[in-house]
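Input: a single structure, listed below in structure tokens.
Side-chain atoms are counted along with the backbone in the values below, which use heavy atoms only and exclude waters and symmetry mates. In what follows, chains carry the letters A, B, and so on, assigned in the order in which the sequence lines appear, proteins first and then strands, with residues in each chain numbered from 1.
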Amino acid sequence: MQRDYKLSSYSLNSVSAHFLSEQKEDVHHSIISDLQNGNAETRRRLAVYCLKDAYLPQRLLDKLMFIYNYVEMARVTGVPISFLLSRGQSIKVLSQLLRKAKQKNLVIPNVKQAGSDQGTYEGATVLEARAGFYEKPIATLDFASLYPSIMMAYNLCYCSLVTPEDVRRLNLPPESVNKTPSGETFVKSNLQKGILPEILEELLTARKRAKADLKEAKDPLEKAVLDGRQLALKISANSVYGFTGATVGQLPCLEISSSVTSYGRQMIEHTKKLVEDKFLTLNGYEHNAEVIYGDTDSVMVQFGVSSVEEAMNLGREAAEYISGTFIKPIKLEFEKVYYPYLLISKKRYAGLFWTKPDNFDKMDTKGIETVRRDNCLLVKNLVNDCLHKILIDRDIPGAVQHVKNAISDLLMNRMDLSLLVITKGLTKTGDDYEVKAAHVELAERMRKRDAATAPNVGDRVPYVIIKAAKGAKAYERSEDPIYVLENNIPIDPQYYLENQISKPILRIFEPILKNASKELLHGSHTRSISISTPSNSGIMKFAKKQLTCIGCKALLSRVGQVAAMEIALSAHIAREGRLSCTAKQLLKVGIYLK
DNA sequence: TCATAATCCTAA
DNA sequence: TGAGTTAGGATTATGA
């Protein structure tokens with residue numbers, strides 16, 4: 001799951017909730033013995049818990065069609081299925097290389113760990129972003145499979161790379177070699193056709209075939225298999241470049257990878273120049289085109305026209321014209337129009353995504369808080385709602401009011417705790433961190449409380465920021481949300497306002513609103529009276545939200561007291577035979593209270 | 001106070 | 001003993 005999906009938690013419970021809308025029948029480890037030693041009813045609960053823990057992974061495998069996709073990937077790359085789970089990306093490329101080399105009666109050297117002499121090389125160009133809110137359509141031009149097509153176009157491979165001495169010694173004619181922008185020399189395919197380009201060609205034609213078959217397919221199962229296949233082929237093609245640049249891998253060749261990126265850099269610059277030189281009033285166009293941004297294989301163009309349809313036509317014209325200036329498989333495509341388009345900075349933007357002139361397909365956001373997993377839901381939702389109001393509803397006053405309401409709710413402690421939970425990945429063991437960080441320090445503290453449930457390396461750590469002495473560092477104020485609930489610890493709304501909400505919101509509003517800061521963050525709504533501890537009713541609200549079954553909800557509202565929660569739940573289990581909605585958080589709270 | 005390094009996560 | 005790449009923004013800790 002961690003490899004294929006980006007989620008904010010990878011616990012079986014939360015993954016199941018996300019994909020299956022089903023949850024575990026959770027049992028806290030501390031009560032397992034008690035349940036086993038209890039009566040038939042408690043053992044039943046334990047058994048249901050065990051069964052469900054086996055059943056959920058099975059359902060996930062089915063739902064996400066892991067088996068089909070893995071079989072297809074194994075076929076394409078020639079590795080055993082177990083490698084797809086236990087090993088990385090590079091074994092797949094190596095396997096394809098070995099298969100091809102055997103066909104051609106070539107051997108692959110067993111290279112020793114070359115040491116860290118070279119290591120890094122220059123990557124892609126990211127064009128300077130002309131930040132702003134664009135209310136005219138922006139056309140996007142993209143290179144299709146940029147790096148694979150470069151490797152094919154210029155025959156880049158281990159077996160086509162030659163040194164300057166080779167060129168002299170073998171008296172290679174200049175028309176039979178290519179010198180790459182990074183200064184390497186590769187022979188053309190008439191002298192020695194590269195293995196990598198050949199692999200890539202096969203992968204990409206196979207993908208085209210799979211996509212064509214997918215279009216024809218009627219049966220949902222067949223469709224799923226074909227979609228898995230075309231995806232496997234795409235991923236395989238894209239990882240070939242990475243393989244050549246992996247200096248810790250089996251067969252690094254930075255001459256290839258740095259040549260690929262150098263061609264890519266040349267091509268994006270060339271594209272920008274061509275667009276801006278051709279689409280001018282001088283040449284009979286209505287406006288001068290401007291490239292406002294671009295990253296690696298794409299350029300965003302403002303042609304100056306005001307309708308989506310005109311922008312699409314110009315985009316197609318430009319893509320065709322520019323494609324004609326590149327050799328064989330390299331192709332620039334017109335893909336989509338953004339309208340309106342909010343460009344915040346490099347790698348950060350939002351806009352409505354149009355592929356046809358009549359209506360937009362979706363709201364698309366890149367890099368900003370809505371797509372990041374390390375922000376609390378409050379920020380994520382707030383930014384998303386504002387973008388929705390600004391881009392789709394075109395209601396800026398409405399967006400402003402929404403922010404004010406949220407800030408006011410936060411400062412009055414009306415915010416659900418689950419919206420304030422920040423999560424960050426634990427990437428190494430505590431000792432290996434050089435500076436103190438909120439999630440790392442909390443993980444250590446939790447380990448001291450209960451080593452069994454504390455987060456481990458690779459886990460994501462959820463935390464909230466609690467009130468503390470002025471000037472205390474964030475890492476001193478991070479706390480486990482469950483611990484906060486059970487001990488009635490007050491959170492720090494000011495932290496959430498100043499360190500979580502304020503900057504992301506300002507970045508969204510600043511291109512749109514003058515005095516954004518004054519209007520949004522310093523109005524009367526920021527002077528709400530703050531109640532410092534969450535009330536019982538706050539906890540009850542949280543608990544109710546966690547419960548999905550009507551029986552439990554009804555029960556909770558009747559009991560109405562936190563201390564009675566666990567008793568209520570036990571009664572419910574006794575009556576119904578099981579806890580049908582399995583509220584993990586709630587159970588934990590209940591157990592602690594007990 | 002401020003520049004810089006560490007860290008996380010994303011775009012491509 | 002196995003590991004795909006670089007670019008880049010944002011936040012926080014750290015130390016001069």
Using whole Å, what does the distance between atom [atom2] of nucleotide [N] and atom [atom1] of [X] come to?
X      : N      : atom1 : atom2 : answer
A:Y433 : B:dT7  : OH    : P     : 7 Å
A:E441 : B:dC8  : CD    : P     : 12 Å
A:N110 : C:dT1  : CG    : P     : 17 Å
A:E122 : C:dG8  : CD    : C1'   : 14 Å
A:I422 : B:dC8  : CD1   : C1'   : 13 Å
A:K346 : C:dT6  : NZ    : P     : 17 Å
A:K436 : C:dT11 : NZ    : C1'   : 18 Å
A:F243 : C:dA3  : CZ    : P     : 11 Å

Would you say [X] reaches [N]'s phosphate, i.e. side-chain N/O to OP1/OP2 under 4.0 Å?
X      : N      : value
A:R507 : C:dT11 : yes
A:R460 : B:dC8  : no
A:T244 : C:dG4  : no
A:K428 : B:dA6  : no
A:K347 : C:dG9  : no
A:Y475 : C:dT14 : yes
A:K6   : B:dC9  : no
A:N499 : C:dT12 : yes
A:S345 : C:dG9  : no
A:R373 : B:dT10 : yes
A:Y349 : B:dT10 : no

Quiz item: What interatomic distance, in whole Å, is found between P of B:dA12 and the corresponding atom of C:dG4?
Solution: 22 Å

Students often get this wrong, so: under 4.0 angstrom with heavy atoms, is [X] touching a base, only sugar-phosphate, or nothing?
X      : answer
A:G242 : base
A:K503 : sugar-phosphate
A:T261 : nothing
A:V440 : nothing
A:A437 : nothing
A:S90  : sugar-phosphate

Let's see if you can work this out: which of [options] has an atom nearest to the side-chain heavy atoms of [X]?
X      : options               : value
A:R348 : B:dT10, C:dG9, C:dT14 : C:dG9
A:R372 : C:dT11, B:dT10, C:dT6 : B:dT10
A:Y121 : C:dA7, B:dT7, C:dT6   : C:dT6
A:D297 : C:dA13, C:dA3, B:dA12 : B:dA12

How are the rings of [X] and [Y] set relative to one another: parallel (under 30°), tilted (30 to 60°) or perpendicular (over 60°)?
X      : Y      : answer
A:H270 : A:F326 : perpendicular
A:Y5   : A:F66  : perpendicular
A:Y463 : A:H439 : parallel

Quiz item: Can you tell me if A:T180 uses its side chain to pair, donor with acceptor, with the backbone of A:E184 under 3.5 Å?
Solution: yes

Quiz prompt | Pair A:F186 + A:Y154: ring centers closer than 6.0 Å | solution = no

Self-check item: Nearest-nucleotide comparison on DNA chain C, the residue closer to the 5′ end among A:N238 and A:Y495
Solution: A:N238

Quiz item: Would you say A:R229 and A:M73 make side-chain contact, with heavy atoms under 4.5 Å?
Solution: no

Quiz item: Distance only, no hydrogens: is a donor on one side chain within 3.5 Å (strictly under) of an acceptor on the other, for A:S418 and A:D416?
Solution: yes

